[in-house]
Amino acid sequence: MKKRNVIITGANSGIGKAATLKFATEGYNVIMACRDLEFSRTVQKEIVELSQNKNIDLIQVDMSSLNSIHTFCSEYKSKYDKVDILIHNAAYINHGEKYQLSPDNIELTFATNVFGPFLMTTLLLDHIKKSDDPRILHASSNIIKHFFDPKTKIIFDNLQGEFKGSRPHSVYKMYCQSKMAFVILTFKMAEMYKDNGIKVNALQINGAKMSKRTLKKVKPWWRPIAWGQNIFFPPTSYMANNYFEICTSNTFHHVSGKLINDKLEIMQVTPNEYPSLFEQVKRVLGSSVYPTYADNNEVMEQLWALSAELTKCHSAYTLTKNLTGF
């Protein structure tokens with residue numbers, strides 16, 4: 001097999017670590033994109049030993065920092081001639097935390113979960129185009145089910161601290177909104193990059209067992225809930241195997257612009273109708289449909305423009321103009 005390059009963000013723990021081990025075991029060149037270098041080096045060594053694959057690289061990146069992402073992409077391009085698979089796995093959520101801004105004055109949850117991945121993909125786009133089978137995967141979450149409530153929307157007017165301290169803040173709600181935004185970006189990127197043969201999909205994650213290290217990061221008053229959830233969550237290898245299947249198998253070779261559930265089924269948008277109580281419960285408990293909000297073209301265009309503006313990524317504007325003629 002011709003060596004293929006795989007970038008995995010947040011590759012030092014959880015599903016990211018399990019995915020790194022899976023790709024490494026299968027003989028891929030894996031680039032671990034992580035913030036904590038000291039801890040990540042230990043994980044890197046462990047994966048090399050377990051997989052017997054020495055082609056496991058580690059490049060530092062903070063997905064909430066635009067400068068860090070620029071530095072990562074520059075270093076990557078100096079080492080590698082292409083990107084075959086890009087998995088945006090890293091995410092920020094810390095229940096109970098106060099409103100925080102990133103180094104670029106962007107709300108931390110959106111900076112890490114939405115705008116950071118947007119910038120990295122855009123900066124690496126020319127390298128992604130060089131692959132003979134380029135695939136991008138976004139880690140989504142079943143938390144977007146909150147958008148089955150038609151009153152739930154992405155709040156765009158407080159992403160740069162406009163109302164910091166004067167509005168109630170919930171990391172949980174911001175995480176929910178950021179994951180919906182990530183799905184919307186998935187659909188938009190798939191549309192924008194289809195002529196280049198780049199497949200962009202999202203995987204809806206229902207949870208995975210958290211390590212002791214991760215549990216220690218949870219606020220004390222949320223920790224009992226996290227422990228309880230951990231009992232029922234599947235092992236990280238379950239979703240890692242899904243990452244691998246979506247990014248490598250012939251089954252998904254021509255699939256793009258889709259939200260995929262944990263059973264590897266392509267989800268459909270829910271019918272735009274007034275559902276019965278039974279149907280509402282079925283939608284929330286099931287994993288076959290996603291909220292209509294994800295297909296809102298107005299929100300999609302607003303999010304794309306804001307992503308380009310906040311990341312100062314003028315190439316995204318240029319790409320839009322070239323494709324649309326506007």
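The model shown is predicted, which means the values in this text are computed figures rather than measured ones. For the numbers below, each heavy atom of this structure counts, side chains included, while hydrogens, waters and symmetry mates do not.
Taken from CG in N12 to CD in E46, the straight-line distance is 11.0 Å, to the nearest 0.5 Å. With rounding to the nearest 0.5 angstrom, the OG atom of S140 is 8.5 Å from the CE atom of M267. Here Q177 contributes atom CD and I155 contributes atom CD1; the two are 5.5 Å apart, rounded to the nearest 0.5 Å. Note that the CG atom of D295 and the OG1 atom of T270 stand 10.5 Å from one another [nearest 0.5 Å]. Between N296 atom CG and K153 atom NZ the span is 8.0 Å, to the nearest 0.5 Å. Here the straight-line distance linking atom CD1 of I59 with atom SG of C34 works out to 10.5 Å at 0.5 Å rounding.
Under the 4.5 Å side-chain contact rule for hydrophobic residues, V284 and Y290 do not share a cluster. A chain of hydrophobic side-chain contacts below 4.5 Å, direct or via other Ile, Leu, Val, Met, Phe, Trp or Tyr residues, connects V48 to L37. Tracing side-chain contacts under 4.5 Å through hydrophobic residues (I, L, V, M, F, W, Y), one never reaches F110 starting from F163; they form parts of separate clusters. The hydrophobic cluster containing L21 also contains F39, counting ILVMFWY residues as joined when their side-chain heavy atoms lie under 4.5 angstrom apart, directly or transitively. The hydrophobic clustering, which links ILVMFWY residues whose side-chain heavy atoms are closer than 4.5 Å, places F147 and V281 apart.
Ion pairing of D195 with K129 is absent here, as no side-chain N (NZ or NE/NH1/NH2) approaches a carboxylate O to less than 4.0 Å. Between K79 and D57, at least one side-chain N (NZ, or NE/NH1/NH2) sits under 4.0 Å from a carboxylate O, which counts as a salt bridge. Salt bridge D132/R4: present, at least one basic N to carboxylate O contact under 4.0 Å. Here E162 does not pair with R167 in a salt bridge; the nearest charged N to carboxylate O distance is not below 4.0 Å.
Side-chain atoms of Q44 come within 3.5 Å of backbone N or O of I56 as a donor-acceptor pair. Side chain of N105 to backbone of Q160: no donor-acceptor contact under 3.5 angstrom is found. Side-chain atoms of N53 do not come within 3.5 Å of backbone N or O of T25 as any donor-acceptor pair. For T186 (side chain) and A202 (main-chain N/O), no donor-acceptor pair under 3.5 Å exists by modelled atom type. A donor-acceptor pair under 3.5 Å is absent between the side-chain atoms of S307 and the main chain of F115, judged by distance alone. Side chain of N261 to backbone of L264: a donor-acceptor contact under 3.5 angstrom is found. Not a single donor-acceptor pair under 3.5 Å links the side chain of K188 to the backbone N or O of N297. A donor-acceptor pair under 3.5 Å is absent between the side-chain atoms of S237 and the main chain of A240, judged by distance alone. For the pair K3 (side chain) and G27 (backbone), a donor-acceptor distance under 3.5 Å is present. In this structure, the side chain of S78 engages the main chain of E75 through a donor-acceptor pair within 3.5 Å.
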Passes side chain to side chain donor-acceptor pair (under 3.5 Å), Y175 versus N113? Steps please. CA-CA 8 Å; Y175 183 77; N113 301 355; 5.8 Å; no
Is there a salt bridge (Lys or Arg N to Asp or Glu O under 4.0 Å) between D133 and K199 once you walk through the steps? CA-CA 8 Å; D133 183 17; K199 280 74 70 176; 2.9 Å; yes
Between S68 and D62, is the side chain to side chain donor-acceptor pair (under 3.5 Å) condition met? List the steps. CA-CA 6 Å; S68 180; D62 178 350; 5.7 Å; no
What's the verdict on side chain to side chain contact (heavy atoms under 4.5 Å, CB included) for F252 and E245, showing C-alpha distance, side-chain angles and the deciding distance? CA-CA 8 Å; F252 293 95; E245 183 72 14; 4.0 Å; yes
With side chain to side chain contact (heavy atoms under 4.5 Å, CB included) as the test, would you mind laying out the steps for H169 and M174 before giving the verdict? CA-CA 8 Å; H169 175 69; M174 294 305 295; 3.4 Å; yes
For a side chain to side chain contact (heavy atoms under 4.5 Å, CB included) check, start with the C-alpha distance between L101 and L108, then their side-chain angles and the critical distance, and finish with the verdict. CA-CA 5 Å; L101 292 172; L108 187 59; over 6 Å; no
Begin from the C-alpha positions of V299 and F156 and carry the test side chain to side chain contact (heavy atoms under 4.5 Å, CB included) through to its verdict. CA-CA 10 Å; V299 174; F156 287 102; 4.1 Å; yes
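In summary, the aromatic rings of H146 and Y172 are positioned with their centroids under 6.0 Å apart.
Side-chain contact between M120 and L123 is absent, with no heavy-atom pair separated by less than 4.5 Å. The shortest side-chain heavy-atom distance between D84 and P134 does not fall under the 4.5 Å cut-off. Counting heavy atoms from C-beta outward, I85 and N5 have side chains that stay 4.5 Å or more apart. Proximity of V83 to Y76: side-chain heavy atoms (C-beta onward) are separated by under 4.5 Å at one or more points. Between H127 and K130, the closest side-chain pair of non-hydrogen atoms falls below 4.5 Å. Side-chain contact between L86 and H88 is present, with at least one heavy-atom pair separated by less than 4.5 Å. No side-chain heavy atom of R135 sits less than 4.5 Å from a side-chain heavy atom of N201. The shortest side-chain heavy-atom distance between I8 and V6 falls under the 4.5 Å cut-off.
Between N89 and G10 the shortest heavy-atom distance is ND2-O, 3.1 Å. Across S64 and S102, no two heavy atoms sit closer than the pair O-CB, 3.4 Å. The two residues I184 and A294 have their closest heavy-atom pair at CG1-O, 3.7 Å. For M32 against S40, the heavy-atom pair with the smallest separation is CE-O, 4.1 Å. The heavy-atom pair separating K179 from A139 by the smallest distance is NZ-O, 2.6 Å. Minimum heavy-atom separation, N206 to M239: N-CE, 3.7 Å.
Heavy atoms from other residues, nucleotides or ligands lying under 6.0 Å from NZ of K77 number more than 12. For CG of N250, the number of neighbouring non-hydrogen atoms (other residues, nucleotides, ligands) closer than 6.0 Å is 12 at most. Annotation: K258, atom NZ; neighbour count of heavy atoms from other residues, nucleotides and ligands within 6.0 Å does not exceed 12.
Figure legend: K164 and Y99 shown without cation-pi pairing, the cationic atom not lying both under 6.0 angstrom from the six-membered ring centre and within 45 degrees of its axis.
Ring geometry for Y193 versus W304: interplanar angle over 60°, hence perpendicular rather than tilted (30 to 60°). The aromatic rings of Y28 and F244 lie perpendicular to each other, with more than 60° between the two planes, well past the 30° mark.
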